[in-house]
Amino acid sequence: MGKFFAVILVVVTLASAYPIVTHKYVQPVDISTHGHAIDEQLADTMAEGGFAFVGAQLLLAFFVWKFSSRKDGSKVKHLPGGAKLVVATAFILVGTEVLALGVLGQKAWADVYFTPPKADALQIQSQAGQFAFYFRYPGADGKFAPLHPDKIDEGNGNYFGLDPANDVEARDDIVAAELTIPVNREIHLLLHAKDVGHSFYVRELRIQQDFVPGLDLSLHFTATKTGKYEIVCTQLCGLGHYNMKAYLNVLPQEDFEKWLKDRAAEQ
Amino acid sequence: MRVKAGYLAGLATLAVCAVIVHAMPSGGTVSGKVTYEGTPAKQKPIDMSKEPSCAKQHATPITTETVVTGSNNTLDNVVVYVSAGVPDENAPGQVVKFEQKGCQYIPHVLAFQVNQTLEISNADQTSHNIHPLPKVNREWNKSQPPGSAPISEKYDKPEFIPVKCNIHPWMHGNFAVMKNSHYAVTQGEGGFSLANLPPGKYTITAWHESYGDQSQDVTISGSETKTVNFVFKAKPY
Amino acid sequence: MEEAAVQPTHVHAPPEGFLRKYVFSLDHKVIGKQYYGLALVSVFIGMVLSWLMRFHLVWPEVKVHGLEVLSASGAPGGVITPEYYLSLLTMHGTLMVFFVLTNAPFAGFGNYFLPIQIGAEDMAFPRFNMMSFWTTFVAFVVLVLAFFIPDGPPISGWTAYAPLSAVGKDAGPGLGWGQNLWAISIAIFCIGQLLGSLNFIATTLDLRAKGMTLMRMPICTWAWFITSCIGLLAFAVLLPACLLLLLDRMAGTSFFIPSGLVVSDRLQNHAGGSPLLWQHLFWFFGHPEVYIAILPAVGIVSHVLITSMRKPLLSAKVLIYSMLSIGFLSWMVWGHHMFVSGMNPFSSLLFSFPTLTITIPATIITLIWLGSLYGANIQINSASLFALGFVSMFVSGGVSGFFLAQPSIDIYLHATYFVVGHFHMVMGVAAIFGILSGTYFWFSKMTGRMMNDSLGKLHFWITFVGTYCIFMPFHYLGLVGNVRRYASFVDDFMAPLMPVHKFVTIAAFVTGAAQFLFLYNLIYSRFRGQLASENPWHGTSLEWSIPSPPPWNNFGDKHPVIFHDPYQYGVKGSKGDFVMQDSPEQIVGG
């Protein structure tokens, strides 16, 4: 039965590796400027992890095949090199590889988090609240009006809690249910949580960041391809979490400007 | 002989008159129009893109319904009711229906009586979670997956209750729980008519979700129709 | 502490009467079995909850007849609502992590075998021990009560992130009294674990028999000892965290809730709190907790493997030091659950380095096992199959952890099914395999009867292949970007992935069904199993030197004396191929 274990293990290992090796399940196309570093890191890790996975499972299978239920009288023997070999392998081979990936991976992380947004990045505010995302553009005056949580009135379409009666800057703020942005322009997205924790995730942009109530967080990114992409909430926020999404529309510059004008007329 | 026939004719006429009087609606009617003056807040189109199965049910997006107006400055969705002067009534057996369709509440304002059965149905392909927000009645919210059975509920105290959907933030509506059967919701041209009022003094109240309420007193004697109009002040914000 | 003093008097009197013998027992063996029994009940409840979840995900409109009796609002007409799905998810996670993975391998087997393996009569504090079980039992009852209350069970996940878990009912159904019961239950659970951990530590340090040095303790004893040290510190943080959560919910404090929140149209009357504070407190406990779940299994599997291989490990000392390193490093990595949480991104890099470093001791442990298999004479039975299966699962789960340890990759994989696949592989499969291996191995000692080995092997094959079929696809789903904790998959994006989900659901039903084979085997063998000898596996540690089942004071009137470590297998010149720890037989060239 030891040999049967070895056979089953080999089958399971190869079956597990097959969809990865044939690229059957991969990330959607990258539409961001920083995403290629993440994708490269992922590919490197997949290669090394895959090698470790397949190698270890096959070694286990091989040893169980060879050294199980042997005929009586077989003497047990020890691996030449013993524990010293094991420790050396772990430290030198695995340790350096793993730490190298950690060091190399810093660049991808730094691109997202340690570079400030460009001075001319387009500022858009995103509000996450049970169970939808809304987006606010500063309008002609280029300023975001202050938010008043006690003025929130969703039945009236006032999702952010703007007070146009008293705040002049609020009168030109544009509120939309879709994040429409121009292609190839850096966006500085300000994240505001209305009620509980949420998260902003666009797979194609290789970006994910939690909204934390009480914290002013932000993201910056540049989309390089036009199209329509999903923004989904990835932080459990209540019963409607599964249905909390919005669409990211990446448009050519002129189409974006027209869209913005149309939205302004509706406010 | 002629005297007897005369008596008979008189009796018959009296009888017919009695029948006719009995069949005629007893009591008076209060009717009128609700209008606004000033500039009402702009109703914004609702972007339902996060729920594609609802978005595609509307060729042009629907707008918010907090201020619905008609021609000649008339105001819809105003609940006009008798707030004083008639006794409280038991609920009728009839069921009132509140529908979730196209990710919209239909009707936007639903008036019904204390302890009357309210039936909420979901005609959409998405789950809704209906959450009325009362202050004096019992609060509850319930999920309705698509295709599930209607929810039956009752309220035992009169109140104006805002209603929202926990899953679709733009969905808002109102329940008006009334203590008697003399109420109407203005539709179409802002008009209302409250009939079957016995002679007496009444307070008629008009309630609008954005503009609050106003009351006027009226006295009915006999089967007349009295006109009572309401004018609300509208504001752009 | 080379040789510990032996207690001159009995730790407690022989039990008399039904209650003292079977209910409020001071005997560590009964307490161990009670913990195991509680874990068994919890795991089957948890498994049924996962069936309901998987069923709902692929057949959302199909009615589960009868479920509306348990929850009229959660499952009207038997159709699972989104909030009820999240309740199932929350209760599944809470039951499995706390009441199964902390109870069975640590409190269950540890309680039963630690005193025996060190040659003691019982634990150092038998009364504390009894209290620790009954406290855990009360915690279980409080948690399960949440299924039956009108507010319904909690929906914020086993991680209960604030402010969702803290603001109360305004945030939605399932956040009323159910969430309070959750916090109360876990707080009580913490107390039980603290009592238990104190006991394990005191017993290991003070009650070892003559000749039982620390390095002569079996590896599983070491694993329980290290786990109890971790547990003492970890649960000591979770307990106040739960109390603070209860204060926010019930006393109007604002530890975790900032000002200005509008929840369900209501402005919340709180100010000054920090949602990230909850995450730091929770994960400071939560990461060591997952090592509490896996280290005992590492110990048990090592123990079973050595006995099954008929040879010692390449170096037990290296493995023990690796477990110690993992225990030490486990305190420095909690932030890897929070890479994109909004904490300082520099902290994320800081946390990733110790996380990646844990790969080294974990690799050493795996390579020690693999290297020891070389030249062995592996006896294949149910226990050793599950132990070998554990090695495979430990590799699979460990490799996926390697991806998640890197913050840049975590940007993409966080909160996807990749994470769900990872933690199920290590906890939901590997740790369970450790428990199962220990069960098949030690059942005869605990009951005096053997489990049916053929049925055990069948159980193994279905479970081994089945769990790969369930959890390996989760990694693929994660790579594509399938988000976790979704009650339904309604987006167009998900449509091409539904066949994978269907495959997983079917595999889950089949694998789950096989666990009933195990339950049947357990119960049948308890009463009708073949009678067992004292040492059916020819093991060397002290549990194999006493009758099956052991008498109330383990060693009778004898006080065992230890002469060597428990790895004397394949010993040249010995009568069999092994020498027991309490045998003065000389080791020749061993």
Side-chain angles (χ1 to χ4, degrees), chain A residues 1-2 9 12 16 19 25 38 41-42 45 49 52-53 56-57 59-60 63-64 67-70 74 76-79 82-83 86-87 89-91 94-95 98-99 102 105 108-109 113 149-150 152 194-197 203 206 208-210 212-215 217 230 232 234 236-239 242, chain C residues 82-83 157 161 163-164 171-172 258 260-263 267 275 310-311 314-315 318 340-342 345 352-353 356 359-360 363-364 367-368 370-371 373-378 380 388 391-392 395 399 402-403 406-409 411-412 414-415 468 472 476 479-481 483 485-488 493 570:
Chain A
M1 189 152 265
L9 181 55
V12 162
S16 300
Y25 297 102
I38 294 177
Q41 189 83 4
L42 184 56
T45 306
F53 168 74
Q57 306 287 7
L59 200 60
L60 175 64
F63 284 162
V64 174
F67 298 111
S68 63
S69 310
R70 295 154 74 194
S74 309
V76 294
K77 57 184 176 187
H78 282 293
L79 183 74
V86 162
V87 176
T89 310
F91 268 97
V94 177
V98 154
L99 290 170
W109 182 256
Y113 285 103
D150 52 317
I152 291 178
K194 172 174 157 269
D195 44 24
V196 296
R203 304 157 181 111
R206 308 292 191 263
Q208 184 167 187
Q209 173 62 56
D210 285 0
V212 181
L215 281 188
L217 299 168
E230 274 189 6
V232 286
T234 54
L236 179 54
C237 52
L239 75 96
Y242 75 100
Chain C
E83 59 269 29
Y161 276 16
L164 182 68
L261 300 187
V262 177
V263 185
L267 185 60
R310 314 310 301 160
K311 65 174 280 210
L314 290 184
S315 170
V318 167
V340 295
S341 66
S352 88
F353 280 103
L356 289 168
T359 314
I360 299 174
T363 305
I364 291 175
L367 292 180
I368 294 262
L370 289 177
L373 286 170
Y374 175 89
N377 185 6
I378 309 168
I380 297 288
L388 292 168
V391 176
S392 174
V395 168
V399 168
F402 178 41
F403 287 73
Q406 298 170 65
S408 50
I409 299 182
I411 291 176
Y412 181 76
H414 173 72
Y468 264 109
M472 203 42 98
Y476 314 142
L479 286 170
V480 176
V483 178
R485 289 179 160 170
Y486 272 14
S488 295
F493 179 84

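Below, chains carry the letters A, B, ... as their sequence lines are ordered, and counting in each starts from 1. Just so it is clear, the values below take in all heavy atoms, side chains as well, and ignore hydrogens, waters and symmetry mates.
For a residue to count as touching a neighbouring chain, one of its non-hydrogen atoms must lie under 4.5 Å from one of that chain's; by this rule A/V64 touches chain C with backbone and side chain alike. For a residue to count as touching a neighbouring chain, one of its non-hydrogen atoms must lie under 4.5 Å from one of that chain's; by this rule C/V318 touches chain A with the side chain only. For a residue to count as touching a neighbouring chain, one of its non-hydrogen atoms must lie under 4.5 Å from one of that chain's; by this rule C/Y161 touches chain A with the side chain only. Only the side chain of A/I152 comes within less than 4.5 Å of a heavy atom of chain C; its backbone N, CA, C and O stay farther away. The contact between C/S488 and chain A is made by backbone and side chain atoms together, counting heavy-atom distances below 4.5 Å. Looking at C/P258, only its side chain comes within 4.5 Å of chain A, counting heavy atoms on both sides. The part of C/L267 that comes within reach of chain A is its side chain, from C-beta onward, which places non-hydrogen atoms under 4.5 angstrom from that chain. Interface residue A/V232: backbone and side-chain heavy atoms are both found under 4.5 Å from chain C. For chain C, the nearby part of A/E230 is the side chain; its heavy atoms alone come within less than 4.5 Å. For C/V263, the parts sitting under 4.5 Å from any heavy atom of chain A are the backbone and the side chain alike.
Of the listed residues C/I380, C/I411, C/L367, the one with more heavy-atom pairs under 4.5 angstrom with chain A than any other is C/I411. For chain C, the option among A/G214, A/P213, A/C237 with the highest count of heavy-atom pairs below 4.5 Å is A/P213. Counting heavy-atom pairs closer than 4.5 Å to chain A, the top residue among C/A376, C/S352, C/G260, C/G342 is C/A376. Your options are C/R310, C/M472, C/H414, and the one with the most heavy-atom pairs under 4.5 Å with chain A is C/H414. The candidate with the highest count of non-hydrogen atom pairs below 4.5 Å against chain A, out of C/G172, C/G371, C/S315, C/P275, is C/P275. Per-residue heavy-atom pair counts under 4.5 Å with chain A were compared for C/P163, C/P82, C/P345, and the maximum is reached by C/P345. When each of A/T45, A/L9, A/V196 is checked for heavy-atom pairs under 4.5 Å with chain C, A/T45 comes out on top. Chain C forms more heavy-atom pairs under 4.5 Å with one residue of A/I38, A/L60, A/L59 than with any other, namely A/L60. In terms of non-hydrogen atom pairs under 4.5 Å with chain C, the most contact-rich of A/S16, A/G238, A/G197 is A/S16.
Side-chain contact check for A/F91 versus C/T363: every heavy-atom pair is 4.5 Å or farther apart. Taking the side chain as every heavy atom from C-beta outward, A/R203 and C/V483 approach each other to under 4.5 Å. In this structure, A/K194 and C/L261 have side chains that are not in contact, with every pair of non-hydrogen atoms separated by 4.5 Å or more. With a 4.5 Å cut-off on side-chain heavy atoms, C/V262 and A/D195 do not count as touching. You'll find the side chain of C/L373 stays beyond 4.5 Å of the side chain of A/F67, heavy atoms only. Two residues are said to be in side-chain contact when any heavy atoms from C-beta on lie closer than 4.5 Å; A/Q208 and C/Y412 fail this criterion. Within the 4.5 Å cutoff, side-chain heavy atoms of C/F403 are placed close to those of A/L42. Side-chain contact between A/K77 and C/K311 is absent, with no heavy atoms from C-beta onward closer than 4.5 Å.
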(message) Using the rule given for side-chain contact (heavy atoms from CB on, under 4.5 Å), can you reason through A/F53 versus C/S392, listing the C-alpha separation, both sets of side-chain angles and the distance that settles it, and then say yes or no?
(response) CA-CA 9 Å; A/F53 168 74; C/S392 174; over 6 Å; no
(request) Take A/Y242 and C/Y486 through the ring-ring contact (aromatic ring centres under 6.0 Å, His included) test and state the conclusion after the steps. (result) CA-CA 4 Å; A/Y242 75 100; C/Y486 272 14; 7.2 Å; no
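Using cut-offs of 30° and 60° for the angle between ring planes, the C/Y374 and A/F63 rings count as perpendicular.
Between the CZ atom of A/R70 and the CG atom of C/N377 there is a distance of 5.5 Å, given to the nearest 0.5 Å.
The main-chain N or O of C/S408 is never found under 3.5 Å from a side-chain atom of A/R206 such that the two would form a donor-acceptor pair. With hydrogens and angles disregarded, no donor-acceptor distance shorter than 3.5 Å links the side chain of A/W109 to the backbone of C/Q406.
A/T234 and C/A415 make their closest contact through O-CB, 3.4 Å (heavy atoms, listed as atom of the first residue, atom of the second, distance). Across every non-hydrogen atom of C/L164 and A/L236, the tightest pair is CD2-O, 3.6 Å.
With sequence neighbours left out, the side chain to side chain contact (heavy atoms under 4.5 Å, CB included) criterion links A/L217 to A/L191, A/Q209, A/V212, A/L215. Residues forming a side-chain hydrogen bond (donor to acceptor under 3.5 Å, both in side chains) with C/E83 (at least two apart in sequence, or on another chain): B/S143.
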